Amino acid sequence: KVNSFAHQDELGVRSRSPRWAIAGKLKSQQVTTKILNIEVSLGRTGAVTPVAKLEPVSVGGVVVSNATLHNQDEIDRKDVRIGDTVLIQRAGDVIPEVVKVILEKRQKGSLPFTLPNNCPVCSHEVFRPEGEVVARCQNMECSAQVKGRIDHFVSKGCMDIDGFGTKLVDQLVEKKLMKNVADIYSLSLDQLSELERMAEKSAQNIMDAITASKKSSMARFIHALGIRNVGEHAAKVLEKSFSGNLENLMDAEIEALTAIHEIGGIMAESIVNFFQDDTNKKVIKACLKAGIQFEAVEQIQESEFTGKTFVFTGSLEKFSRKDAQSMVEKLGARASGSVSSKTDYLVAGPGAGSKLMKAEELNISIYSEDEFLELIGK
DNA sequence: GGCCAGGAGCCAAACTCACG
DNA sequence: CGTGAGTTTGGCTCCTGGCC
């Protein structure tokens, strides 16, 4: 914003403006380390994702021992191999990533890495559709997928069942106490107390959390079901379009769905397929029978912010991200995760990084938390 | 003492949608 | 049909407090 040239920051980097100087300071620290192994993990959709296990190394103040490799194409692009010495950094100073392989240090006789053709968990064949990048385990009953779907169902943005963590889910699935998400509602206090690291107190807390979670909303429930291509946002769109009537959504046809703004052909197909499946129908029925209730759909008020886009960044101290999101949604605005030319307001807390810089570049109005609250009249 | 959940922070690639 | 914007999916570490 200021025409000051030949600025020199403390790293000794000559830059043309103060902003560049900031960029210089924020530039991620890059460190070399070794890839000990490449492991494969499975998501709730059966997606096969490779993770590099690193020789632990301190970068930007934390000890990093894992870095995602995304998929086979990424591995090929960077030609990452087990045993390689690699340069890593924390993208945005948070997420560890492999920048590149130091080829001079490559061990003789190393081979390019290829993901397995069979699921590492259930051995079922994995399939990568033509033109797609992600290979998926095709076995719907694969325990990794069952666990993943339950993890997702109980998570914060979904049914939000407090205390229902991954280790608990692992045990429940392995002991065959759960096969699908509806089984949550038939768990008993005794069954829970008998599990490892669980006793009366913890078990009761879980039971209470399950009960509390039954007061929910249609959007949360749709999101929780884990329909492909339908996440938090799409679930809200569907809730609004169907005015909170789940049966109508379940019976909806492709044409009715694509008529909705923000729902296209691919999402419509995923939705129809999901609700046609008999197992899915049974699970939904069981959940509703267990007593899940949807709160009334809130009417949003017209305001000067209707249609505007907010982005929140940095550590927010006056309110949570979720609260911020619901505050702006009540005004008919939306909260997005990334800054673009369509962003109207950026709200930055302390420690904001790349998003703040991008917003400055694009000349987007920047507000502090207090200024934001004042702006929306709170 | 140690395990686990959950909150905080936010990235990258793939993918989808809408629009010119 | 290409493109920009936004969503979805999956990912990483630190730290605290509750409970076994």
Side-chain angles (χ1 to χ4, degrees), chain A residues 28 39-54 56 58-74 77 88-99 131-134 136 148 151-152 154-157 160-171 193 195-206 209 223 226-237 258 260-270 309 311-317 320-322 334-343 349-356:
Chain A
S28 297
E39 288 182 6
V40 174
S41 71
L42 280 196
R44 83 182 141 93
T45 60
V48 178
T49 45
V51 180
K53 292 291 176 181
L54 308 167
S58 173
V59 33
V62 308
V63 176
V64 168
S65 45
N66 297 295
T68 174
L69 293 170
H70 298 293
N71 54 54
Q72 185 70 59
D73 286 1
E74 263 296 290
R77 267 196 289 272
I88 61 166
Q89 69 177 7
R90 292 205 295 150
D93 278 336
V94 179
I95 312 290
E97 68 175 357
V98 172
V99 180
E132 285 187 26
V133 180
V134 181
R136 293 175 199 277
D151 283 334
H152 176 72
V154 303
S155 71
K156 186 101 186 142
D160 193 15
I161 304 180
D162 216 44
F164 217 108
T166 52
K167 296 290 171 181
L168 182 60
V169 174
D170 286 352
Q171 286 191 68
S193 328
L195 299 173
E196 246 168 77
R197 293 203 60 81
M198 292 288 285
E200 186 92 10
K201 177 73 177 159
S202 292
Q204 188 58 53
N205 285 349
I206 300 283
H223 183 201
I227 305 167
R228 295 264 297 137
N229 305 313
V230 177
E232 195 176 7
H233 182 75
K236 279 183 192 162
V237 170
T258 48
I260 301 166
H261 190 73
E262 289 185 293
I263 306 290
I266 292 169
M267 284 174 60
E269 203 187 323
S270 300
T309 302
V311 173
F312 295 86
T313 187
S315 50
L316 303 176
E317 289 164 345
S320 71
R321 295 183 129 66
K322 263 277 174 283
R334 69 159 58 178
S336 161
S338 53
V339 176
S340 75
S341 60
K342 291 278 176 70
T343 307
S354 57
K355 287 178 197 172
L356 177 59

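Only heavy atoms go into these numbers, but all of them, side chains included; no hydrogens, no water, no symmetry mates. A quick note: this is a predicted structure, and the numbers were derived from the prediction, not measured.
- For the pair A:Gln72 CD and B:dA13 P, the interatomic distance rounds to 16 Å; values are reported in whole Å.
- At C:dG10, one or more side-chain N or O atoms of A:Thr45 fall inside 4.0 Å of OP1 or OP2 (strictly under the cut-off).
- Rounding to the nearest 0.5 Å gives a distance of 7.0 Å between NE2 of A:His70 and CD of A:Glu97.
- Residues satisfying the side chain to side chain donor-acceptor pair (under 3.5 Å) criterion with A:Glu269, sequence neighbours excluded, are absent altogether.
- Distances shown here put every side-chain N or O of A:Lys167 at or beyond 4.0 Å from the OP1 or OP2 atom of B:dC3.
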Classify every nucleotide of nucleotides 15-20 of chain B by which part a protein heavy atom approaches to under 4.0 Å, writing B for the base, S for the sugar-phosphate alone and - for neither, in 5'-to-3' order.
SSSS--

Short heteroatom pairs, N/O only, protein and nucleotides 2-4 of chain C, under 3.5 Å:
none

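- If you find the closest nucleotide of DNA chain C to A:Ser41 and to A:Glu232, the one lying nearer the 5' end belongs to A:Glu232.
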Protein-nucleotides 17-20 of chain C N/O pairs closer than 3.5 Å?
{"from": "C:dC19", "atom 1": "OP1", "to": "A:Asn205", "atom 2": "ND2", "distance (Å)": "3.0"}
{"from": "C:dC19", "atom 1": "O3'", "to": "A:Ser202", "atom 2": "OG", "distance (Å)": "2.7"}
{"from": "C:dC20", "atom 1": "OP1", "to": "A:Ala199", "atom 2": "N", "distance (Å)": "3.4"}
{"from": "C:dC20", "atom 1": "OP1", "to": "A:Ser202", "atom 2": "N", "distance (Å)": "3.0"}
{"from": "C:dC20", "atom 1": "OP1", "to": "A:Ser202", "atom 2": "OG", "distance (Å)": "3.1"}

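- Residues satisfying the side chain to side chain contact (heavy atoms under 4.5 Å, CB included) test with A:Lys53, not counting sequence neighbours, are A:Asn37, A:Glu39, A:Asn66.
- In this structure, A:Asp160 places its CG atom 15 Å from P of B:dA5, rounding to the nearest Å.
- Remark: A:Asp170 engages A:Lys147 in a salt bridge (Lys or Arg N to Asp or Glu O under 4.0 Å) (not counting sequence neighbours).
- Looking at residues two or more places apart in sequence or on another chain, you find no ring pair (Phe, Tyr, Trp, His ring centres under 6.0 Å) involving A:Phe164.
- Checking B:dA13, C:dT7, C:dT13 against the side-chain heavy atoms of A:His233 singles out C:dT7 as nearest.
- A:Gln171 pairs by the side chain to side chain donor-acceptor pair (under 3.5 Å) definition with nothing, not counting sequence neighbours.
- Partners of A:Asp73 according to the side chain to side chain donor-acceptor pair (under 3.5 Å) rule, which considers only residues two or more places apart in sequence or in another chain, are A:Arg128.
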Do any side-chain atoms of residues 227-235 of chain A form donor-acceptor pairs under 3.5 angstrom with protein atoms, and if so which ones, sequence neighbours left out?
{"from": "A:Asn229", "atom 1": "ND2", "to": "A:Ser270", "atom 2": "OG", "distance (Å)": "3.0"}
{"from": "A:Glu232", "atom 1": "OE2", "to": "A:Lys322", "atom 2": "NZ", "distance (Å)": "2.7"}
{"from": "A:His233", "atom 1": "NE2", "to": "A:Glu262", "atom 2": "OE1", "distance (Å)": "3.4"}
{"from": "A:His233", "atom 1": "NE2", "to": "A:Glu262", "atom 2": "OE2", "distance (Å)": "3.0"}

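- Nearest-nucleotide mapping onto DNA chain B: of A:Asp73 and A:Leu168, the residue sitting toward the 5' end is A:Leu168.
- When the side chain to side chain contact (heavy atoms under 4.5 Å, CB included) test is applied to A:Thr49, the partners found at least two apart in sequence or on another chain are A:Ser41.
- The NE2 atom of A:His152 sits 9 Å away from the P atom of C:dG10 (whole-angstrom rounding).
- Scored by the side chain to side chain contact (heavy atoms under 4.5 Å, CB included) test, A:Val99 finds A:Gln30, A:Leu87, A:Gln89 as partners (sequence neighbours excluded).
- Look at NZ on A:Lys236: it is 10 Å from P on C:dT7, rounded to the nearest Å.
- Between A:His223 and A:His152, the closest side-chain pair of non-hydrogen atoms falls below 4.5 Å.
- Expressed to the nearest 0.5 Å, how far CE of A:Met267 lies from OG1 of A:Thr258 amounts to 11.5 Å.
- Rounded to an integer number of Å, the gap from A:Arg77 CZ to B:dA13 C1' is 8 Å.
- Look at A:Thr166 and you'll find a side-chain N or O under 4.0 angstrom from OP1 or OP2 of B:dA5.
- With rounding to whole Å, A:Leu42 atom CG is found 12 Å from C:dG10 atom C1'.
- For A:Ser65, a side-chain nitrogen or oxygen approaches OP1 or OP2 of C:dT13 to under 4.0 Å.
- Applying the 4.0 Å criterion to OP1 and OP2 of B:dA13, one finds that A:His70 has every side-chain N and O outside that range.
- One can place CG of A:Asp170 at 9 Å from P of B:dC4, the figure rounded to the nearest angstrom.
- Rounded to whole Å, the distance from CG on A:Asn66 to C1' on C:dG10 is 13 Å.
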